[in-house]
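Positions are given from 1, in the same order as the sequence printed here.
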Amino acid sequence: MRKHNFLFISLISLSSCSDMSLTYDIQTGNKSYDKSQSISADRMARIDTMIIKSIRQNVIPGAVALVLKDGEVVYEKAWGVSNPETGSLYSSDDIFRIASMTKAITSVAILMLWEEGRFFLDDPIEKYLPAFSSTGILESYDPNDSSYTTIPNQTKITIRHLLTHTSGIGYSDIDVNSSIKAIYWKNGLINIFSPSLTMKEAAKEIARQPLHHEPGTKFTYSLGIDVLGSLVEEISGMSFADFLSERIFKPLGMNDTYFNLPKKNYNRLVPVLTRDGQGWKIFDTEVYDVDYPIMEGKTFFSGGAGLSSTVRDYAKFLQVLIQDGNGNNKQILGKKTCELLYENQLRGIEDWSLGLATGILSEKDLYQGSGGSVGSLTWGGYFNTIYFADPEEKIIGLLFKQTQNIGNDYTSQRFRELVFQSVVK
């Protein structure tokens with residue numbers, strides 16, 4: 001029987017394909033180059049060359065890309081076979097598991113409630129979720145019987161700590177600390193995303209686990225954003241899924257973003273793929289069920305990894321972040337709150353930049369050739385989806401793939417570089 005834990009949760013031979021334009025270079029909506037004189041269509045076409053070469057070399061099975069400049073689509077394409085069992089081709093309206101790209105949406109939901117005066121960002125989370133009043137830092141661990149001891153943390157975990165992954169909370173099967181990972185598994189957290197758990201129950205389970213370190217002293221990627229989903233329910237009185245739908249998705253016209261896909265959209269959810277020799281096969285694992293978007297009866301909605309979406313939908317959300325909180329003529333966040341998203345919350349803690357919702361491009365990143373302007377927002381998801389949003393150039397880029405355990409995939413970084421080398425004015 002499969003365990004449920006969605007943390008992030010060869011039909012056709014590439015080498016024998018003689019007509020890439022018919023089989024792998026499916027153009028959908030690529031009709032807008034002339035809308036922006038600051039983007040070179042010839043230079044942007046280098047993305048086509050890179051992706052098609054990557055498919056031929058078996059680096060990726062395919063991808064969907066979208067680029068916006070000043071709110072207008074300047075590039076939108078899909079390539080490759082999304083399902084090797086059926087021969088289905090990728091399309092720009094495919095639905096992908098966006099995993100950790102969920103985190104930015106959850107963070108914006110928290111900031112919306114903060115704007116309403118419901119709490120302070122530096123409030124202890126235990127004020128609203130009392131289970132966090134008795135947390136402790138891991139002191140010792142015995143691998144022979146999985147027993148462990150903790151010492152009390154001197155600093156209370158705050159909402160800001162949860163937003164910035166500085167709470168010390170761990171991350172189950174992708175945790176960097178093998179002892180804490182083992183403890184999470186022993187205590188049943190591998191099954192935390194089963195359909196029967198509620199948001200409050202999941203938060204209580206997370207609160208029971210030992211912390212990595214004193215809150216506020218270090219970045220440790222964590223389930224803290226999932227805890228914030230429970231906070232949204234506690235503060236708003238709505239289910240987390242309903243809150244996101246009513247307050248973010250519907251106002252922005254994000255009609256293809258869900259925790260639970262409606263049955264009518266099951267056929268648009270692309271499978272997760274992994275390599276199978278020189279071809280591709282559908283990825284499967286006993287650790288978690290990759291079909292969690294169509295798992296019926298869920299009451300836990302992972303604020304850190306649970307959403308599925310399209311490139312078009314997620315671009316609508318990113319517009320809010322680079323347009324002073326406004327998207328679809330709806331003011332989702334105030335201008336000054338939106339500016340706060342760009343403030344590095346890891347000053348004095350780490351040598352890289354993280355805001356309240358997403359990673360921030362630093363001068364160091366720019367020096368290394370990452371592409372974009374200092375202050376650009378960027379993040380990705382466990383199943384190989386990425387985004388970036390440049391507030392200075394007003395450029396948004398998304399490259400969605402759906403793969404796992406493939407390694408040696410350079411396409412996301414190269415895509416970003418190629419988008420920005422296309423800027424000519």
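- The line from CD1 of Ile396 to NZ of Lys316 is 12.0 Å long, rounded to the nearest 0.5 Å.
- Less than 6.0 angstrom separates the ring centroid of Tyr314 from the ring centroid of Phe317.
- A donor-acceptor pair is defined here as one N or O able to donate and one able to accept, closer than 3.5 Å; such a pair exists between the side chain of Arg416 and the backbone of Gly371.
- Of the N and O atoms on the side chains of Ser88 and Ser82, not one donor lies less than 3.5 Å from an acceptor on the other residue.
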Set out, in order, the CA-CA distance, both residues' side-chain angles and the distance that settles side chain to side chain contact (heavy atoms under 4.5 Å, CB included) for Trp185 and Ser146, then state yes or no. CA-CA 10 Å; Trp185 280 53; Ser146 299; over 6 Å; no

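- Between Phe240 and Phe301, the distance separating the two ring centers is not shorter than 6.0 angstrom.
- Side-chain atoms of Ser373 and Glu393 form no donor-acceptor pair, as typed in the model, at a separation below 3.5 Å.
- Tyr387 meets the side chain to side chain donor-acceptor pair (under 3.5 Å) test with Thr358; sequence neighbours excluded.
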Would Trp280 and Ile406 satisfy side chain to side chain contact (heavy atoms under 4.5 Å, CB included), going step by step from the backbone distance to the final call? CA-CA 10 Å; Trp280 298 89; Ile406 66 170; 3.6 Å; yes

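- In this structure, Ile322 CD1 and Ser376 OG are separated by 9.0 Å, a value rounded to the nearest 0.5 Å.
- Contacts of Ser412 classified as side chain to side chain donor-acceptor pair (under 3.5 Å), with partners at least two apart in sequence or in another chain: Lys401.
- With sequence neighbours left out, His165 forms a ring-ring contact (aromatic ring centres under 6.0 Å, His included) with Phe219, Tyr221.
- Scanning both residues, Ile225 and Ser107, for their nearest heavy atoms gives CD1-OG, 4.1 Å.
- A distance of 9.5 Å separates CE of Met199 from OG1 of Thr299, quoted to the nearest 0.5 Å.
- With hydrogens and angles ignored, the 3.5 Å screen pairs a side-chain donor or acceptor of Ser422 with a backbone N or O of Leu418.
- The minimum heavy-atom distance between His161 and Thr155, with the atom names listed, is CE1-CG2, 4.1 Å.
- The backbone N or O of Tyr184 sits nowhere less than 3.5 Å from a side-chain atom of Ser172 that would complete a donor-acceptor pair.
- Checking Asp175 against Asn177 by side-chain atom types alone, no donor-acceptor pair falls below 3.5 Å.
- Counting heavy atoms of neighbouring residues, nucleotides and ligands inside a 6.0 Å radius, atom NZ of Lys335 does not exceed 12 of them.
- Not a single donor-acceptor pair under 3.5 Å links the side chain of Asp123 to the backbone N or O of Ile159.
- Side-chain N or O atoms of Gln209 include one that pairs as donor or acceptor with a backbone N or O of Glu205 at under 3.5 Å.
- Using a 3.5 Å distance cut-off with no hydrogens or angles, the side chains of Asn153 and Thr135 do pair a donor with an acceptor.
- Looking only at distances, a side-chain donor or acceptor of Arg97 sits under 3.5 Å from a matching main-chain atom of Val290.
- No side-chain donor from either of Asp93 and Thr310 sits under 3.5 Å from a side-chain acceptor of the other.
- Summarising the local packing, CG of Asn329 is surrounded by 12 or fewer heavy atoms from other residues, nucleotides or ligands at distances under 6.0 Å.
- The salt bridge (Lys or Arg N to Asp or Glu O under 4.0 Å) check on Lys281 picks up nothing, with sequence neighbours excluded.
- The salt bridge (Lys or Arg N to Asp or Glu O under 4.0 Å) search around Glu214 returns none, not counting sequence neighbours.
- The salt bridge (Lys or Arg N to Asp or Glu O under 4.0 Å) pairs that include a residue from residues 236-256 are Glu116-Arg247, Glu246-Lys250, Asp256-Arg268, where partners are two or more places apart or lie in different chains.
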Assess whether side chain to side chain contact (heavy atoms under 4.5 Å, CB included) is satisfied between Lys263 and Glu296, documenting all intermediate values. CA-CA 10 Å; Lys263 289 185 178 180; Glu296 297 183 357; 3.1 Å; yes

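- With sequence neighbours excluded, the residues forming a side chain to side chain donor-acceptor pair (under 3.5 Å) with Gln319 are Gln323, listed by chain and number.
- Each ring-ring contact (aromatic ring centres under 6.0 Å, His included) pair with one or both residues in residues 97-150, not counting sequence neighbours, would appear here, but there are none.
- Thr411 and Leu399 get closest at one heavy-atom pair: O-CD2, 3.8 Å.
- Heavy-atom minimum distance, Asp351 versus Lys364: OD2-NZ, 3.9 Å.
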Stepwise side chain to side chain contact (heavy atoms under 4.5 Å, CB included) check, His212 with Val176: CA-CA 10 Å; His212 280 256; Val176 296; 4.1 Å; yes

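- Here salt bridge (Lys or Arg N to Asp or Glu O under 4.0 Å) pairs that include residues 365-374, with residues two or more places apart or in two chains, number zero.
- Nearest heavy-atom pair across Leu223 and Ile206 is CB-CD1, 3.9 Å.
- Taken to the nearest 0.5 Å, the OG1 atom of Thr106 stands 6.5 Å off from the CG atom of Leu307.
- Closest heavy-atom contact between Leu261 and Ile294: CB-CG2, 4.3 Å.
- Partners of Phe388 by ring-ring contact (aromatic ring centres under 6.0 Å, His included), not counting sequence neighbours, listed by chain and number: Phe415, Phe420.
- Sorted by first then second residue, the salt bridge (Lys or Arg N to Asp or Glu O under 4.0 Å) pairs that include residues 155-164, not counting sequence neighbours, are Asp122-Arg160, Glu126-Lys156.
- The number of heavy-atom neighbours closer than 6.0 Å to NZ of Lys218, taken from other residues, nucleotides and ligands shown, is 12 or below.
- Rounding to the nearest 0.5 Å gives a distance of 6.0 Å between CG of Leu111 and CG of Leu341.
- Here the rule is side chain to side chain contact (heavy atoms under 4.5 Å, CB included) with Leu356, and of Thr337, Leu121, Ile110 only Leu121 fits it.
- The number of heavy atoms from other shown groups lying within 6.0 Å of CD (Gln368) is above 12.
- Not counting sequence neighbours, the partners of Glu339 by the salt bridge (Lys or Arg N to Asp or Glu O under 4.0 Å) test are Lys336.
- No donor-acceptor distance shorter than 3.5 angstrom exists from the side chain of Asn187 to the backbone of Leu189, with no hydrogens or angles considered.
- Interatomic distance, Ser362 OG to Leu346 CG, rounded to the nearest 0.5 Å: 11.0 Å.
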Arg414 and Glu417: CA distance, side-chain angles, deciding distance, salt bridge (charged side-chain N to carboxylate O under 4.0 Å, His left out) verdict: CA-CA 5 Å; Arg414 192 66 185 126; Glu417 294 167 354; 2.9 Å; yes

